[in-house]
Amino acid sequence: MNDLAPGLYVVATPIGNLGDLSERAAAVLQAASLIAAEDTRVLRTLTERVGSGATPLSLTEHNVEARIPRLLEAAREGVVALTSDAGTPVVADPGGRAVEAAHEAGIPVFAVPGPSALAAAVSVAGFDGSDVHFLGFLPRAQGDRRRRLTGAASTANTLVFFESPRRVAASLGDVADALGDPPAVVCRELTKVHEEAVRGRASELAERFGETRGECTVVVDVRGWAAGSDERELRAYLEEMREAGAQRSSAASAAARRFGVSRAEAYEAWPDDKE
């Protein structure tokens, strides 16, 4: 490869199978003077594989602002690589602020595309891949999770989110309850030895993955969810009122005025206490 221009190179790295590292990505890592990653232990495996002598730089949610000046200084003079622990940087990791800072500083930013759990999961799910809403990691609180899911489902055909093995069953349960138990696919350990892509109703998958290992990417088919969105918005509003401590009667009156429904209808839509 010809000499690389100075700048920040956003380098996609394998999500499991090291054979997915591209020749171009390997060449950039070899040429880099500095490589930023969330977990430098994971990075070390790659640098040893390609024979890179670059200095590793830990870039986490907690230190990214403090590390950006050093990263930009090196990128003005030479090749700096921004990597992810697995997959494409900036997708659900803190690298976005470093890229934004590079643009603001007038430093060239180059894409070195490659593996992505998001793209890989969509490709094997078999749902509509033209209207995808990526949610990253869902909120921990159940009420927040459900609001995030219903809000996104009203504007897209397919939802994708990352989830830890400890919470994937709970999140799938919320998908089932909040979105009418739609078809979904759980992609677990993508490109690794125990890789699987399991398709079924969200409730079925919640039961199957009650105990599991490995990071999961979940794809949900929400085509047609926009139908009936008014009723869901009413229920979401009442859920917020309930969580805020409002009484059912007063909340129903407020909801009736806001959504133009009868007070009796709003009263019946009051959410059950499922949490």
Close side-chain approach of Val185 and Leu205, heavy atoms under 4.5 Å: no

Qualifying ring pair (Phe, Tyr, Trp, His ring centres under 6.0 Å) pairs with a residue from residues 35-61, counting only residues at least two apart or across chains: none

Main-chain N/O of Pro115 paired to Thr88 side chain as donor or acceptor, under 3.5 Å: yes

Distance-minimising heavy-atom pair for Pro56 and Leu43: CB-CD2, 3.8 Å

Leu190 reachable from Val186 in the ILVMFWY side-chain graph, under 4.5 Å edges: no

Salt bridge (Lys or Arg N to Asp or Glu O under 4.0 Å) partners of Arg166, counting only residues at least two apart: none

Leu4/Val28 under side chain to side chain contact (heavy atoms under 4.5 Å, CB included): CA gap, chis, key distance, verdict: CA-CA 8 Å; Leu4 296 172; Val28 171; 4.0 Å; yes

Atom CZ of Arg213 with >12 non-hydrogen neighbours under 6.0 angstrom: no

Shortest non-hydrogen contact between Glu163 and Ser171, atoms and distance: OE2-OG, 2.7 Å

Where at least one partner belongs to residues 112-160, residue pairs that pass ring pair (Phe, Tyr, Trp, His ring centres under 6.0 Å), sequence neighbours excluded: Phe134-Phe162, Phe137-Phe162

Among Val132, Val220, Asp131, side-chain contact (heavy atoms from CB on, under 4.5 Å) partner for Asn157: Asp131

Test item: Asp20 side-chain N/O and Ser22 main-chain N/O as donor-acceptor pair under 3.5 Å: no

Pair listing, ring pair (Phe, Tyr, Trp, His ring centres under 6.0 Å) test, anchored in residues 63-112, at least two apart: Tyr9-Phe110

Connected via hydrophobic side-chain network under 4.5 Å: Val175 and Val222: yes

Pairs where residues 47-64 contributes a residue and the test side-chain hydrogen bond (donor to acceptor under 3.5 Å, both in side chains) is met, not counting sequence neighbours: Thr60-Asn63, Glu61-Arg97

Nearest atoms (heavy-atom pairs only) where Ala12 meets Gly114: CB-N, 3.4 Å

Atom pair OG1/CD of Thr191 and Glu189 - distance to nearest 0.5 Å: 8.5 Å

Approximate separation, where rounding is to 0.5 Å, of Cys187 SG and Arg199 CZ: 11.0 Å

Polar side-chain atom of Arg242 near backbone of Trp270 as donor-acceptor pair, under 3.5 Å: no

Same cluster (ILVMFWY, side-chain, under 4.5 Å), Val124 and Val91: no

Residues clustering with Ile68 (ILVMFWY side chains joined when closer than 4.5 Å, directly or via others): Leu8, Val10, Leu34, Leu57, Leu59, Val64, Leu71, Leu72, Val80, Leu82, Val90, Val99, Ile107, Val109

Evaluation steps, side chain to side chain contact (heavy atoms under 4.5 Å, CB included), between Thr217 and Val122: CA-CA 9 Å; Thr217 303; Val122 171; over 6 Å; no

Whether over 12 other heavy atoms sit under 6.0 Å from Glu240 CD: yes

All pairs passing ring pair (Phe, Tyr, Trp, His ring centres under 6.0 Å) where residues 183-214 contributes a residue, at least two apart: none

Inter- and intrachain pairs under side-chain hydrogen bond (donor to acceptor under 3.5 Å, both in side chains), touching residues 77-86, at least two apart: Ser84-Asp93

Arg44 CZ to Ile35 CD1 distance, which is reported to the nearest 0.5 Å: 12.0 Å

Path from Leu159 to Val168 over hydrophobic side-chain contacts below 4.5 Å: yes

With sequence neighbours excluded, residues passing side chain to side chain donor-acceptor pair (under 3.5 Å) with Ser203: Asp181

Distance-minimising heavy-atom pair for Ala269 and Arg235: O-NH1, 3.3 Å

Under the salt bridge (Lys or Arg N to Asp or Glu O under 4.0 Å) test, residues paired with Asp128 that sit two or more places apart: none

Closest non-hydrogen atom pair between Lys192 and Ile15, with its separation: CE-O, 3.5 Å

Thr150 side, atom OG1; Glu239 side, atom CD - distance, nearest 0.5 Å: 10.0 Å

Side chain to side chain donor-acceptor pair (under 3.5 Å) partners of Asp174, counting only residues at least two apart: Gln142, Arg145, Arg146

Heavy-atom donor-acceptor pair, Glu204 side chain to Arg201 backbone, under 3.5 Å: yes

Nearest heavy-atom neighbours spanning Pro14 and Leu46: CD-CD2, 4.1 Å

For Arg188, all residues meeting salt bridge (Lys or Arg N to Asp or Glu O under 4.0 Å), sequence neighbours excluded: Glu196

Leu118 with Leu138, same ILVMFWY side-chain cluster at under 4.5 Å: no

Value rounded to 0.5 Å, distance of OG in Ser262 from OH in Tyr267: 13.0 Å

